[in-house]
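Some notes on the structure that comes next.
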Number of protein chains: 2
Amino acid sequence: MSLDTLMTPAALVDLDRVERNTRTMAERAHRLGVRLRPHVKTHACVEIARLQVQGHFGGVTVSTFAEARRFADAGFTDLTHAVPLAVGRLPEAAELTQRLERFSVLVDGPETVAAIEDCARERDVRFSVFLKVDCGYHRAGVDPADPDSARLAAALAASEHVDFRGLLTHAGHSYHCHDRDEVAVVAAQERDVIVAFAERLRADGVTVPEVSVGSTPTCSVVDDLTGVTEIRPGNNVFFDRFQRTIGSCDDDGPAFFVLTTVIARHSGRRQVLLDAGALALSKDAGASHVDPDAGYGELQDLDGRPLPGLRLHALSQEHGQVEAAPGVELPAVGQRLRVLPNHSCLSAACFRSYQVVRGREPVAEWDAPRGW
Amino acid sequence: MSLDTLMTPAALVDLDRVERNTRTMAERAHRLGVRLRPHVKTHACVEIARLQVQGHFGGVTVSTFAEARRFADAGFTDLTHAVPLAVGRLPEAAELTQRLERFSVLVDGPETVAAIEDCARERDVRFSVFLKVDCGYHRAGVDPADPDSARLAAALAASEHVDFRGLLTHAGHSYHCHDRDEVAVVAAQERDVIVAFAERLRADGVTVPEVSVGSTPTCSVVDDLTGVTEIRPGNNVFFDRFQRTIGSCDDDGPAFFVLTTVIARHSGRRQVLLDAGALALSKDAGASHVDPDAGYGELQDLDGRPLPGLRLHALSQEHGQVEAAPGVELPAVGQRLRVLPNHSCLSAACFRSYQVVRGREPVAEWDAPRGW
């Protein structure tokens, strides 16, 4: 098989770049004096996770119970489930807690803590728990300025049913930044907010073993993580057009592409159609706050050279619509192109396996099951 | 299992509504004097397709070769693959052509016709081919006003390697409409453009057996299909929030929902988090041209009553963020909700099986494999 004969649409993983990206983050973590617990949700692939943890302790971060079980089956022994725990999943969390060296869950409110304690008593399990802290993204996490948050941390630390692991945050608002300078500001905020909260808790006598941060933009930019013990970047494995636009990576960062074929050519309306639509690329609008006309991905030739003047302006379920600027030649029917997706996490999740390539040569096919 | 115990996120299919929706369209087709060849891409589920074809000849429309093979395995014998054919898939098209009573493909340019003829000669196959016509959507299809289009139709009709099935169009621009009156205008255009082109071809001596149209909005609204032989709606099985907004269905139309659990509650910032994110709902913005503040789906209780004042304003991979208007009570942690997605085709494709319910009672689980 080659890029000329693989069935399209296909998910291409550039292994040289994945190795470079994972090595870069592993070295950054060592330099910054923190443990690396990479997130696997971007790819959901055991082989890629093994590259991510090289040179570190082997712990990873997951976002679903299906992922947790698969990574446990594959020999990973220390997992953090980094989404606030749904109380209905407590039996599964208990099972993983008993099975693994460590399976940590997240809470950010007293209702879930109460449910955890009930389940712990019933099943005689001691849950490993992080308190999720909001450092400014305002998605999940307790407000560190709210006195209830310190009380909740103290209750977790005092609970006989809980092994309180510490604090965890995610500066998702780094994705609203326009460039590396802005990301650096968010990264400092992420660190400062959680470290200050950890210090306040410690001053109150609460033991806070871990102080965990992580978003790919902040982890790619930050140069001082004093007080932090662990980082959890994940998207940096693949990066994508969004990350490149806001400066998380350079032009050689993106490592995930969709291989597609031109299926129709309409020279009258200066358009071609691709066989990669919303079910291969996702409808993520990308870094539209920086580049509102970006469309749904960057078109490239099979060697990765961008094709300026061609814009992937619309997606339907199985069609990608490309319009050509005046004077730009339309690709021929049957021609194969690469798309650098706006958001690799959502595009990769459209595929159940990846075609792993070195340069233009397919060298392996790796499974990436999904579900919950 | 019940809606209170099913694992979340889950895909819920309201069987009473699917039966009503499919019956309504089957009756419309009879009343309009056309054959019904429903599209299965919205659900990719054999059991649902069997409901769609009831009372009609049994032919269906597919959008991938994986779908085509699965429906062939399930006993469907007459399929139309309604995306312009990728020349690299010709061997698979040849195999399906030989295996089935009829497997029709789409072309909209001379390059693909030449490739079909080459493959037909090599493999001694006679391909069943539709000419795709652009009726104003400007995605796929030849321009009927272009003399080359009539020449291409004549060449297909004259080819010894092709069984020319006729003309096929899709008024995808019906999705740009604001209401039923606007949809009715597009539906008339869809019909008039393709029927006029068929008549011109016939006047030139070209035999045009089929005149096939189809989009859920136009097929749900049109009241005269004189000259059309076949319709291909698909989304009408599930409808969705988009279709309801533009008037394709009434409040009882939508039949696909995502069951989700509240995993966090932040009364300070008046938000809750759901365990349904972009990988359960898709990032489709819905009918934002009519309702720019719609967010990513309508929140409902488990009996399908809308929850006004709660807005699903942001999605990340596994999180849905809900904000509450002033004075509106926040749902509790652990509470289960339904989301009516903006676009059922893309949300349903996130799941590999559906929980089929009558009212609140799960009665079956139906598989819906995907891929290409």
Side-chain angles (χ1 to χ4, degrees), chain A residues 5 7-10 41-42 63-64 83-89 107-109 111-112 115 132 134 138-143 146 172 261-266 268-269 271 273 275 278-280 282-285 314 316-319 321 332-334 336 343 345-346 349-352 370-372, chain B residues 5 7-10 41-42 63-64 83-89 107-109 111-112 115 132 134 138-143 146 172 261-266 268-269 271 273 275 278-280 282-285 314 316-319 321 332-334 336 343 345-346 349-352 370-372:
Chain A
T5 54
M7 190 206 75
T8 62
K41 77 175 180 65
T42 297
S63 67
T64 69
V83 176
L85 180 66
V87 292
R89 310 303 289 252
V107 300
D108 66 0
E111 305 91 338
T112 309
K132 177 78 185 257
D134 177 21
H138 307 325
R139 183 180 67 178
V142 299
D143 176 359
D146 182 342
T261 302
V262 174
I263 57 173
R265 186 175 194 263
H266 302 286
R269 48 183 195 262
Q271 290 193 4
L273 277 185
D275 65 356
L279 291 196
S282 93
K283 286 197 111 170
D284 197 288
S316 34
Q317 185 161 339
E318 301 289 356
H319 303 74
Q321 285 179 257
V333 166
R336 285 163 172 245
H343 189 171
C345 303
L346 300 192
C350 294
F351 296 86
R352 290 300 170 271
R370 298 280 176 163
W372 294 274
Chain B
T5 54
M7 191 205 75
T8 61
K41 77 175 180 64
T42 297
S63 67
T64 69
V83 176
L85 180 66
V87 293
R89 308 303 289 253
V107 300
D108 66 0
E111 305 90 337
T112 308
K132 177 79 185 252
D134 177 21
H138 307 323
R139 183 181 68 178
V142 298
D143 176 358
D146 182 342
T261 302
V262 174
I263 57 173
R265 186 174 194 263
H266 303 285
R269 48 183 194 264
Q271 290 192 2
L273 276 185
D275 66 355
L279 290 196
S282 93
K283 286 197 111 171
D284 198 287
S316 36
Q317 184 161 341
E318 301 289 356
H319 304 73
Q321 286 179 258
V333 166
R336 286 163 172 245
H343 189 171
C345 303
L346 300 192
C350 294
F351 296 85
R352 291 299 170 271
R370 298 281 176 163
W372 295 274

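Contact of the B/Arg89 side chain with the A/Met7 side chain is registered, since non-hydrogen atoms from C-beta on lie closer than 4.5 Å. Taking the side chain as every heavy atom from C-beta outward, B/Leu279 and A/Leu346 approach each other to under 4.5 Å. Two residues are said to be in side-chain contact when any heavy atoms from C-beta on lie closer than 4.5 Å; B/Val83 and A/Asp275 fail this criterion. Two residues are said to be in side-chain contact when any heavy atoms from C-beta on lie closer than 4.5 Å; A/Asp108 and B/Arg265 fail this criterion.
Both the backbone and the side chain of A/Ser63 have a heavy atom closer than 4.5 Å to some heavy atom of chain B. Of the two parts of A/Ala115, neither the backbone nor the side chain holds a non-hydrogen atom closer than 4.5 Å to a non-hydrogen atom of chain B. Both the backbone and the side chain of A/His138 come within contact range of chain B, each with at least one heavy atom under 4.5 Å from a heavy atom of that chain. Within the 4.5 angstrom heavy-atom criterion, no atom of A/Arg336 approaches chain B.
Listed by chain and number, the residues in a side chain to side chain donor-acceptor pair (under 3.5 Å) with B/Thr261 are B/Thr8 (sequence neighbours excluded). Residues that satisfy the side chain to side chain donor-acceptor pair (under 3.5 Å) test with A/Lys41, not counting sequence neighbours, are B/Gln317.
B/Arg139 places no side-chain N or O within donor-acceptor distance of the main-chain N or O of A/His319, the cut-off being under 3.5 Å.
Most heavy-atom pairs under 4.5 Å with chain B: of the set A/Lys132, A/Glu111, A/Arg370, this distinction falls to A/Glu111. Counting heavy-atom pairs closer than 4.5 Å to chain A, the top-ranked of the candidates B/Thr42, B/Val87, B/Asp284, B/Val262 is B/Asp284. For the options A/Ala140, A/Ser282, A/Cys345, heavy-atom pairs under 4.5 Å to chain B are most numerous at A/Ala140. Between chain A and the residues B/His343, B/Lys283, B/Gln271, the most heavy-atom pairs under 4.5 angstrom are made by B/Lys283. Per-residue counts of heavy-atom pairs under 4.5 Å with chain A were compared for B/Gly371, B/Ala332, B/Ala10, B/Pro84; the largest is that of B/Pro84. Listed options B/Gly172, B/Ser316, B/Gly268 were ranked by heavy-atom pairs under 4.5 angstrom with chain A; first place goes to B/Ser316. The most heavy-atom pairs under 4.5 Å with chain B, out of A/Gly141, A/Gly109, A/Ala285, A/Ala86, come from A/Gly141.
Closest heavy-atom contact between B/Thr112 and A/Ile263: OG1-O, 4.2 Å. A/Trp372 and B/Cys350 get closest at one heavy-atom pair: CH2-O, 3.8 Å.
A/Arg269 and B/Asp134 are joined by a salt bridge, as a carboxylate oxygen and a charged side-chain nitrogen come within less than 4.0 angstrom of each other.
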